[in-house]
Participant: 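Following this message is one structure expressed as structure tokens.
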Amino acid sequence: MSIQPLVQLEGITKSFGPNDVLKGVDLEVSSGEVVCILGPSGSGKSTLLRCINFIEQPTSGLVFVGDEVIGHRRTEDPEVLQQVHENAIARQRSEIGMVFQRFNLFPHMTVLENITHAPRLVRGHSAAAANEAAMTLLEKVGLADRATAYPRQLSGGQQQRVAIARALAMEPRLMLFDEPTSALDPELVGEVLKVMQELAAGGLTMIVVTHEIGFAREVADRVVFMDGGVIVEQGSPSEVIDNPQNPRTRAFLSRVLK
Amino acid sequence: MTPTQVTARITYRIVPVKHWARWIAAIATAAVLLWIVASFAGAQIDWPTVGEYFTFPAIVSGMGITVVLTVVSMLIGIALGVLVAVMRLSSNPVVSGIAWIYVWFFRGTPVYLQLLLWFNIALVFPVVGIPGLIEGRTVDVVSPFVAAILGLGLNQGAYTSEVVRAGILSVDEGQGEAAKALGLPGTATMRTVVLPQAMRVILPPIGNETIGMLKTTSLASAIGASEVLNEAQHVYLVNNMIMELLIVSGIWYLLAVSVLSVIQYYVERRFAKGSSSKALPLTPWQKVVWFFTSRRSVA
């Protein structure tokens with residue numbers, strides 16, 4: 001693992017009107033690390049994830065991903081950051097993949113079009129090159145035979161696997177998963193977790209907001225427990241899940257592990 | 001457990017529901033229709049004249065103007081409508097303010113007034129063009145036809161923008177977020193992800209408005225644009241065949257609306273892609289083809 005972390009969050013706060021959802025979060029994620037964020041609903045874990053790629057702009061704080069400061073540009077003066085326009089943020093986002101709870105596939109496009117859309121439009125890849133790369137990814141998630149189907153013709157688990165392939169098609173150096181299995185029927189959760197486990201084994205840097213304690217225990221290098229808009233406790237899965245120190249972590253785990 | 005009792009099964013006779021109200025309504029409707037047809041047949045209407053004027057050059061060219069006015073005004077209206085809707089939803093307060101004022105003005109005044117305004121615009125701007133490059137007297141540039149297109153198109157843009165805005169708002173927020181997360185710029189997100197999905201909501205009212213526009217073009221006769229109703233009036237002021245010529249224009253309007261309805265059907269179908277887990281139903285034409293080919297193969 002490199003010394004310089006790939007992702008560095010510094011004092012992230014986010015308020016929606018009078019509602020303070022994030023109250024100052026610091027987090028570092030190394031390259032190749034898999035971090036699972038656990039916490040009760042309303043703890044701010046999804047908002048934190050959405051702040052990393054500026055889908056939600058933090059009220060204050062900075063997000064460093066690699067050399068980039070998301071939403072900003074470095075200037076000649078090392079102590080001055082220039083805020084940038086939406087299109088420049090879009091370029092920064094293209095390096096960060098995101099998978100949503102509700103899949104959010106484009107319903108008017110086929111599976112293949114969903115995956116090739118951004119590589120062609122944003123990266124300027126040719127149709128042939130994008131299709132080839134997409135088919136490789138579809139094979140990886142086990143859906144090569146559904147390339148011409150429309151999202152509505154797929155099960156939830158299949159849709160989420162396509163959504164993962166769509167995000168991977170941009171060759172991101174970081175993947176964000178926002179409760180990727182929460183909208184799935186119980187029997188479909190396994191197929192999505194299996195794909196994610198393979199990605200983790202392949203060395204992809206992943207930040208996963210999840211309720212799947214089993215997945216966190218097995219796959220995560222580090223587990224972060226959030227409550228009330230702050231990180232309450234973090235450490236290895238065995239530390240946080242099996243031997244939690246904080247009473248809030250203990251209360252949460254005793255509820256979900258019942 | 002008692003042994004199963006063996007009973008003779010009753011063969012029920014099923015009595016269908018009687019639709020008395022339908023019958024009464026059908027008979028009443030038929031009676032009224034018969035009365036209207038009889039009135040027209042018995043009135044002083046010279047039907048051969050209707051047939052004769054149906055293809056009268058002035059009427060046909062007037063219909064051509066009506067169609068051109070409809071198509072061009074709608075194209076301007078839709079282009080403006082999309083632009084203004086996107087402006088209205090912009091986070092830039094200046095941009096959304098301009099859009100709001102546009103809609104407020106053009107929706108707030110009668111289209112008839114707007115037509116008269118454009119027709120007489122020379123009273124405010126006597127000269128148009130780029131000073132020193134191209135200039136012209138407004139009276140020469142803004143003909144009744146140009147005034148009609150400006151008036152109808154700009155008015156339509158205000159209404160269409162609200163239709164488009166409703167369509168955009170109907171698309172799930174997650175769609176825009178997914179596009180954003182993939183690194184698509186705002187314009188590409190709107191053009192390739194949000195608008196194609198909004199089309200399903202936008203198209204039925206646009207079809208409605210196009211049909212409305214076809215008929216609203218008749219208002220342009222007030223500023224002397226030579227559309228079909230204006231031409232019909234010119235003819236009947238000479239030959240006094242009022243009813244005949246109104247019937248001629250009426251048939252032309254109905255014909256044009258019928259064509260528009262067919263076009264609407266196919267355009268809506270085009271944008272229904274992926275909207276259902278089932279295949280699209282056959283079009284009426286495909287049903288006809290299927291009916292004949294499948295019969296033949298059986299025979």
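First the proteins, then the strands, lettered A, B, ... as listed; each starts at 1. Only this structure's heavy atoms are used, side chains among them; waters, hydrogens and symmetry mates stay out.
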Participant: Specify the closest pair of heavy atoms between Val122(A) and Gly183(B), including all atoms of both residues, with the distance to one decimal.
Facilitator: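 Smallest interatomic distance, heavy atoms only, reads CG2-O, 3.6 Å.
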
Participant: Is the CZ atom of Arg173(A) crowded by more than 12 outside heavy atoms at less than 6.0 Å?
Facilitator: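 Yes.
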
Participant: Inspect the surroundings of CZ in Phe16(A) and state if more than 12 heavy atoms from other residues, nucleotides or ligands are less than 6.0 Å away.
Facilitator: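 Count over threshold, so yes.
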
Participant: Take a 6.0 Å sphere around NE2 of His85(A) and say whether it holds more than 12 heavy atoms from other residues, nucleotides or ligands.
Facilitator: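 No - once you tally the heavy atoms of other residues, nucleotides and ligands closer than 6.0 Å, there are 12 at most.
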
Participant: Between atom CG of Asn114(A) and atom CG of Leu182(B), what is the distance when rounded to the nearest 0.5 Å?
Facilitator: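 Asn114(A) atom CG to Leu182(B) atom CG measures 9.0 Å (nearest 0.5 Å).
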
Participant: Considering only heavy atoms from C-beta outward, does the side chain of Arg50(A) approach that of Glu177(B) to under 4.5 Å?
Facilitator: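 They are in contact (side-chain heavy atoms under 4.5 Å apart), so the answer is yes.
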
Participant: More than 12 foreign heavy atoms under 6.0 Å from CD of Glu132(A): is that the case here?
Facilitator: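 Counting other residues, nucleotides and ligands, CD of Glu132(A) stays at 12 neighbours or fewer.
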
Participant: Can you tell me if CD on Glu171(A) sees more than 12 non-hydrogen neighbours from other groups inside 6.0 Å?
Facilitator: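 Open: at most 12 neighbouring heavy atoms sit under 6.0 Å from CD of Glu171(A).
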
Participant: Please tell me if the side chains of Phe106(A) and Val194(B) come closer than 4.5 Å, counting only heavy atoms from C-beta onward.
Facilitator: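 No; the side chains remain at least 4.5 Å from each other.
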
Participant: Which answer fits Thr192(B), side chain, backbone, both or neither, if we ask what part of it has an atom under 4.5 Å from a heavy atom of chain A?
Facilitator: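 Both backbone and side chain.
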
Participant: Measure Leu154(A) against the heavy atoms of chain B and call it side chain, backbone, both or neither at under 4.5 Å.
Facilitator: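 Leu154(A) has no heavy atom closer than 4.5 Å to chain B.
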
Participant: Just checking Glu173(B): does its CD atom have more than 12 heavy atoms from other residues, nucleotides or ligands closer to it than 6.0 angstrom?
Facilitator: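 Counting neighbours around CD of Glu173(B), 12 or fewer heavy atoms of other residues, nucleotides or ligands fall under 6.0 Å, so no.
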
Participant: Between Ala272(B) and chain A, with a heavy-atom cut-off of 4.5 Å, which part of the residue counts as in contact: side chain, backbone, both or neither?
Facilitator: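 No part of it gets close to chain A.
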
Participant: Identify the two heavy atoms, one from Phe100(A) and one from Ala178(B), that lie closest to each other, and give their separation to 0.1 Å.
Facilitator: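 Closest heavy-atom pair between Phe100(A) and Ala178(B): CE1-CA, 3.6 Å.
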
Participant: Side chains of Leu184(B) and Leu121(A): closer than 4.5 Å at any heavy-atom pair?
Facilitator: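 Yes, at least one pair of side-chain atoms sits under 4.5 Å.
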
Participant: In terms of heavy-atom pairs under 4.5 Å, which option from Arg91(A), Glu86(A), Arg166(A) contacts chain B the most?
Facilitator: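 Among the listed options, the one with the most contacts to chain B is Arg166(A).
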
Participant: For Asp67(A), does the CG atom have more than 12 heavy-atom neighbours from other residues, nucleotides or ligands under 6.0 Å away?
Facilitator: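 Open: at most 12 neighbouring heavy atoms sit under 6.0 Å from CG of Asp67(A).
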
Participant: Counting C-beta onward and ignoring hydrogens, is there a side-chain heavy-atom pair between Pro107(A) and Gln175(B) closer than 4.5 Å?
Facilitator: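 In short, these two side chains touch, coming nearer than 4.5 Å.
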
Participant: Of all heavy-atom pairs between Gly186(B) and Asn87(A), which one has the smallest distance, and what is that distance?
Facilitator: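 Answer, listing the atom of Gly186(B) first, then Asn87(A): N-OD1, 3.8 Å.
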
Participant: Do the non-hydrogen side-chain atoms of Asn104(A) and Asp172(B) ever get within less than 4.5 Å of each other?
Facilitator: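 Yes. Closest side-chain heavy atoms under 4.5 Å.
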
Participant: Indicate the atoms forming the closest heavy-atom contact of His108(A) with Val193(B), along with that distance.
Facilitator: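 Closest heavy-atom pair between His108(A) and Val193(B): CE1-O, 3.6 Å.
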
